[in-house]
Amino acid sequence: MNGWALLGIILILYAAVLVYFAVKKPEAIWNMAKIRLFRKVLGEQGTVIFFYVFAVLCAGVGFWLLLR
């Protein structure tokens, strides 16, 4: 396995974690300073949408690197 494939797998796993955070909204993560700033600027629903969009981007790049 080369390094790009490993990075692709890590990005796909990261995307799965982001989706988990968007769905479950764990208190420890949801109350971090950066996430509170996102919630203040984007709103609650905007933050969730941001997590989904970023997860799709990470998964897309991860699959691209994996199949490269």
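Residue numbers count from 1 along this sequence. Quantities reported herein were computed from a predicted structural model and do not represent experimental measurements.
Chaining together hydrophobic side chains whose heavy atoms lie under 4.5 Å apart leaves L67 on its own.
Taking hydrophobic clusters as Ile, Leu, Val, Met, Phe, Trp and Tyr residues chained together by side-chain heavy-atom distances below 4.5 Å, L57 does not share a cluster with F50. Note on V53 and F51: separate hydrophobic clusters, where clusters join Ile, Leu, Val, Met, Phe, Trp and Tyr whose side-chain heavy atoms are under 4.5 Å apart, directly or indirectly. F63 is connected to I10 through a chain of hydrophobic side-chain contacts under 4.5 Å among Ile, Leu, Val, Met, Phe, Trp and Tyr, so both are in one cluster. Hydrophobic clustering (side-chain heavy atoms under 4.5 Å, transitive across Ile, Leu, Val, Met, Phe, Trp, Tyr) keeps I49 apart from F38. Linking ILVMFWY residues whenever their side-chain heavy atoms come closer than 4.5 Å, directly or via other members, leaves L6 and W4 in distinct clusters.
In terms of modelled atom types and a separation under 3.5 Å, the side chain of R39 and the main chain of W30 share a donor-acceptor contact. Using modelled atom types, no side-chain atom of T47 and backbone atom of L42 make a donor-acceptor pair closer than 3.5 Å.
Among all heavy-atom pairs drawn from G8 and L65, the shortest one is CA-CB, 4.0 Å. Among all heavy-atom pairs drawn from A55 and A15, the shortest one is O-CB, 3.2 Å. The two atoms that bring N31 and E27 nearest to each other are ND2-OE1, 2.8 Å, heavy atoms only.
Ring geometry for F54 versus Y14: interplanar angle over 60°, hence perpendicular rather than tilted (30 to 60°).
Here F21 contributes atom CZ and L18 contributes atom CG; the two are 7.5 Å apart, rounded to the nearest 0.5 Å. Within the model, atoms OH of Y20 and CD1 of I29 stand 9.5 Å from one another, a figure rounded to the nearest 0.5 Å.
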Quiz item: For V48 and K25, what are the C-alpha separation, side-chain angles and deciding distance, and is it a side-chain contact (heavy atoms from CB on, under 4.5 Å)?
Solution: CA-CA 9 Å; V48 171; K25 298 179 187 171; 3.7 Å; yes
